[in-house]
Structures are given as structure tokens and as C-alpha cells.
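Note on naming: letters A, B, ... go to the chains in the order of the sequence lines (proteins, then strands), and numbering restarts at 1 for each one.
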Amino acid sequence: MTNLIPPAGILIFGSLLILLFRGRMRQVYMIALPLLTILYVFSLPEGVYWKVRILEYELIFGRVDRLSLAFSYIFAIITFISSIYSLHVKDNLHLVSAFVYAGAAQGAVFAGDFVTLFIFWEIMAFAAAYIVWSAKTKKAVSAGMRYLMVHIFGGLLLLGGIIIQYHETGSLLFNYVGLKGLSSWLIFLGFGINAAFPVLHAWLPDAYPESTETGTVFLSAFTTKTAVYVLARAFPGTELLIYIGAAMTAFPIFYAVIENNLRRVLSYSLINQVGFMVTGVGIGTQLSLNGTVAHAFCHILYKALLFMSMGAVLYRTGKINATDLGGLYKSMPLTTIFCIVGAASISGVPFTSGFVSKSMIVSAAGEGGMLAIWIALLFASAGVFHHSGIKIPFFAFFSHDSGIRTQEAPKHMLVAMGIAAFLCIGIGVLPGPLYSILPYPVEYEPYTAAHVIDQTQLLAFSALAFTLLMLSGIYPPEIRSVNLDADWFYRKGSALFMRFANNVLAKVEYNIIGQAYEFMVIKPILKIAGFLKLIDTSGVDKTYNNMATGSIRLSDAVRVIQTGRANDYAFVMVIGIILLILIVLIPIVI
Amino acid sequence: MKKILTIFYSFLVILILIDPFIHKHAYFGFDEYPSFYGAYGLVACIILVLAAKYILRPIVMRGEDYYDD
């Protein structure tokens, strides 16, 4: 048999060998490993493989069906493209973490039981945090830390849900769950954090823009789409998801309009696009679920393409804020073209991939008679064109000339962007092959005259709005700024709590407890000390000195883990509370 | 620049002109009015930008070093 090991194994164990290679050999290996993964997953027959028995549990590493295969295909393809894009990277651990991350996503997609899913879920969280840290800037380190905290919290919710569900049903199989009790809600929220549900989303625009030019390309593909996959598996037709998804499509575009960091703009539009997929899962018809899978497939390609083009700009100029860029088309014409292809695809311009996938979800909402949702999705379609379709290429490559003259992106980056751009247009022109791998038979025809003209009008008149607002000077100027989002609550909210703790609690503590302490503890100790002082004559001093030096050394060592940042303490506290709850809960439910 | 704008505006006019001749399948009724999608896109984007500029930005914008990390 060819299928001896799960695809996750190839990438995760294979990634370790990167450490052995140098120079040209390492580059060859970095192309060969994902290429092998592509060949492998495309040859996988449907079925259930790789069952491992541990005690009374059965772990299933390979539930291979049309839903998991579609995600596996695109994950393998994007690993290949991102890997080519990363050929210049010297930092071995950065590459290893990227491959482990991609491999864990494959593992999560093929997981047939909750334990396997949870294991890969956690590997993804840690590997992704390391990818953020790889940028090695102060901002990246703290953003990566926050990323990890949020995802550990999400993982705990998921774990709690799994344990309770196991107690209730006696089964660990990962199948349809549906919203029907505490356990399913915990699982739902655990998935929801990774899917960037509104309010739970802030980790994404916080962390993704801080990674390296290559790290962000990897990050953009896997976490949210794995979440879309598990939602499609466990919660199809859950009505709540329709509203959550619609909210996700709408609110980020307002942020994207005023955001200055272009990779953060792309992060907000990522949430907007995942919103379409979540809506599709919520509608739950064959058309909408097909649309979700198709859109995930296309989205991974064009979002990676957009992040690659912005990564190339960052790599060449060291700048990523709209206020610092402009006029780069003169120095980077090919990157400009690739960026425009990505921008056209995310906007759903006819004959690009977004057109043939997003429209399935919008049509499903229309056919279901969901007026408000349909209006929201249409608004989001116009809005995404506005900021990702126009703003990104316009401010980076055209707009006012920033005076920056640089080189075109390195060859391997151009190759990676070229492949992604080719696929974006290829799928748009010939959607047949994509439609053939979707979970259900496709009876959808994207290229009707009405659909083409409607979508073209929507986009063209959105562009007119941009043009008129620009020419009249009403369009908001780009400003260097921080725009508050839900992460405020754990970045500043925890600091406010600490201030409250310092000013109010500390006073109470000092005045009441402190005085009682002084009376009952300090005074007696002073008396004893006075007595000991009598004993402490010559000879004893030296021992004291040695002990003091020792304890200073110890406190130096301990000080390293005391960051002094209120956020970190507050987070540890929150996680401690959750752990406590779980520790109490677990014996009750099992 | 002026030339590009002229081409763009002519393209919009053509879109409006051919729209009534295309057979539409409406989901809700009003969406088969000629150039509904164009009108919607224009209005939606203007509202989007104005809301982002005059409502969202005053609420959420802070100095670049607001988070001192």
C-alpha cells in the first residue's frame, strides 16, 4: 500500500530534515517535500485509514472523504507555493515551524476523532505562534505571545467540550455535533476563536501583520480554513452561523478602510472572506456547502498571493504602511501585476477565481430568501473590492510617488506569485476541475449573462465611488495610528484591572491587612530578631553572607520569568482559573 | 490620467445601457430593476467610507504608540 503514513507525518517529520541540509540542497528539499505531499494527497482514495488503538480509545488519523480531501488538496498546494516563496529564508527553525504548521493542518483535516483533532489543533497553535515570533521584533514577540494565549484559551474550551461530550455520549468520534448543550457550545466557541468570529477575532489582525514576509503567507492559509472545515463538519446548517458569518463579512471592511498597515488591511479582509464561508456553512444547503469549500480553496490562493505581493514590498523596501509607499509599479512591475490579479480575484471580477466561488454562497442566500443576509453579503462584496481590490494595489504601487526606487522581487518569489496568479485566473476561466472536487454534485453555472453584468456593475460602481471620493478629497487620508479592536480588552483592559488592583485593593490591603499583619507578625518577629541579634556574634555572620549571595542569584534567575507586564499576569490568571474549573469539572463528568 | 478616467466613465455608461437587455433571475423582485447592482455598489461604498471616516475612526483611532509594546 502507498498510504503508509498520514500526510501530516510527511510534513511534520519531513520538516526536521531541513536542519540537515545546507544551501542548494536545502532549497531542493524545500521544494521536494511539499511536492511529495501534493502527489500523495491527490492519490489518496476515500476511506478510513491509520487507526491507532491507545488503551480503550481509538485514534483515527485518516478519515478521507470528499470534504476532507478538498481541504487537503488546497493545503498541499499552498504549502508548495509558500515554500517556493520562502526559499531565501535562512532561519531554519522558521522553516521547520512553517512545515510543522502546514502538516498539523493536514492532520486536523483528516482527524476522525476529537483527540486526534485536538492534538493537531494545539500543534498548529504553537507552530503558528513560533512563526509570528520568527520576525524577532519586539512587536512580533508580544503579538505572538498574545496569539498563543488566545489560542490556548480556545484549545481549553475545545478540550472542555470534548471531555463533557465524551462523558455524555461515550464517543470520541468527530462527526456532526450541532448546537444542543454545554459541550457543543464549548466546541463551537473553540472552533469560533480559530475561525475569527466577531469579538473573538482580534488575534488575527493583531498577530498576522507582525510575522515575516513569508510567515504571514503560511499563516493566512491554515488556521482559519481549518476552522471553516471543522465547522462544516460539525455544525452545517446551524442558523446562528449565518448571522455570525454575515457580521464577519461586514464589520472588518470598515476597519480596512481606515487601516494604514497594508498587511493589516489584508488581515481584516481575510476575516471578511472567512465570513462568506461561515455563512455558507450556516445556510447548510448543498449549494452553500459547495460554495464554502470552493471559496476556501480560491481564497487560500488569492489571499496568499496578496500577502506574497505585500511581503515582497516589505522585503524590498522594509516598509508596509500606506503612508510610506506609493509609485512602486515603476520598480516592481511584475509584483504589481500579480498583486492586481490577487486583488481582482478577491473582489470576484469575472474570469477570476473569486467570481466562481463567492457567488455560490451569495446565490444560496438569495435562493433561501434571506433578504438581510443577501444584502449584507452584497455589501461585503462591494466593500472588499473597495479595500482589497483597489486600496491595496493603489496605495502600494500607484497613488502619490513615495520616491522609493528598489528592485523587483527575487525570482523565487515571482515564481511563487506566478503560480498562485495562474491558478487564480485558471480557476476563474475553467471552474470545472474545482467544481469536480467539491463535496456535492455541482449544478451551478457561474457564467450567465445576468450574473456577469450584475457583478461587473457592482464592482465598477464601487470603483466609481472610490474615484469620486478620492477626487473630491473626502476619502479618509491614511494616518499613522493604532485602531482599537477587541484585543483592547486584553491589552489595555487587563492593565486597567491592574491599576484598580494597585489603587483600591492595595490600599485596603495595606491599611487593614497590613496593620493587622504588622501587629501580629512583624512585631513578634522583631522581638525574636532582637533576641537572635544577641546570639549573632562573630562566626555566624559569614554563613549569613553566603546565604544572602545565594538568594540574590536565585532571585536573578526567577526575575527572568517576571515580565512585569500586567497583561501577562492577567492572562496567566485567566488561564489558571480555567484550568481550575476544568480540574473541578473533569472528575465530575468522567 | 484624464484619459483613463474617460475610458472608465464610458465603460460605466455602457454597463448601464446594456443592462436592461439582459434577462435577470431575481431572488426578491427589486433586484431585477435595471442597474440595481450598480446603484447598490455606489451607495454602499460611499456609506462604507463615510461611516469608516466619521464614525469608526473617531472612536477607535489612537496614537501609533498607544500600546507600548
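- Looking at B:Phe30, only its side chain comes within 4.5 Å of chain A, counting heavy atoms on both sides.
- Residues B:Tyr40 and A:Phe379 meet the side-chain proximity criterion, which asks for heavy atoms closer than 4.5 Å.
- Put simply, the side chain of A:Gln457 gets close to the backbone of B:Leu15: a donor and an acceptor are under 3.5 Å apart.
- Contact between B:Lys53 and A:Gly473 at its shortest, heavy atoms only, is NZ-O, 4.4 Å.
- Residue B:Leu5 holds its CG atom at 6.5 Å from OG1 of A:Thr467, rounded to the nearest 0.5 Å.
- Among all heavy-atom pairs drawn from B:Cys45 and A:Leu469, the shortest one is O-CD1, 4.4 Å.
- For the pair B:Arg62 and A:Asn483, the minimum side-chain heavy-atom distance is 4.5 Å or more.
- Between chain A and the options B:Ile59, B:Ile16, B:Val49, B:Asp31, heavy-atom pairs under 4.5 Å are most frequent for B:Val49.
- Scanning for salt bridge (charged side-chain N to carboxylate O under 4.0 Å, His left out) contacts around A:Asp487 gives A:Arg491, with sequence neighbours left out.
- Looking at B:Arg57, its side chain does come within 3.5 Å of a backbone N or O of A:Ile258 through a donor-acceptor pair.
- Interatomic distance, CD1 of A:Ile474 versus CD1 of B:Ile46, reported as 8.5 Å (0.5 Å rounding).
- Note that NE2 of B:His25 is 10.5 Å distant from CD of A:Glu367, once rounded to the nearest 0.5 Å.
- Here the side chains of B:Phe11 and A:Thr456 are in contact, with some heavy-atom distance below 4.5 Å.
- Comparing A:Ala256, A:Ser381, A:Gly368, A:Ser363 by how many heavy-atom pairs each has under 4.5 Å with chain B, the most go to A:Ser363.
- Smallest separation of non-hydrogen atoms from B:Leu12 and A:Ala460: CD2-CB, 3.5 Å.
- Put simply, of B:Leu50, B:Val43, B:Asp19, the one with the most heavy-atom pairs under 4.5 Å next to chain A is B:Asp19.
- Interface check for chain B: of the options A:Asn260, A:Val257, A:Leu378, the most heavy-atom pairs under 4.5 Å are formed by A:Leu378.
- The shortest distance between side-chain heavy atoms of A:Leu464 and B:Phe8 falls below 4.5 Å.
- Using a 4.5 Å cut-off between heavy atoms, A:Tyr255 touches chain B through backbone and side chain atoms alike.
- Note that CG of B:Leu56 and CD1 of A:Ile253 are 11.5 Å apart. Values are rounded to the nearest 0.5 Å.
- B:Tyr66 places no side-chain N or O within 3.5 Å of a backbone atom of A:Ser481 that could act as its donor or acceptor partner.
- With respect to chain B, the highest number of heavy-atom pairs below 4.5 Å among A:Ala465, A:Ala450, A:Ala449, A:Gly366 belongs to A:Gly366.
- Across B:Tyr67 and A:Trp488, no two heavy atoms sit closer than the pair OH-CA, 3.4 Å.
- Under the 4.5 Å side-chain criterion, counting only non-hydrogen atoms from C-beta, B:Lys24 is not in contact with A:Thr448.
- Looking only at side-chain heavy atoms (C-beta outward), A:Ile453 and B:Tyr37 stay at 4.5 Å or farther from each other.
- With a 4.5 Å cut-off on non-hydrogen atoms, A:Ile375 touches chain B through its backbone and its side chain both.
- Among the candidates A:Ala365, A:Ser462, A:Ala382, the residue making the largest number of heavy-atom pairs closer than 4.5 Å to chain B is A:Ser462.
- Note that the CZ atom of A:Phe254 and the CD1 atom of B:Ile47 stand 8.5 Å from one another [nearest 0.5 Å].
- Residues B:Ile22 and A:Asp454 fail the side-chain proximity criterion, which asks for heavy atoms closer than 4.5 Å.
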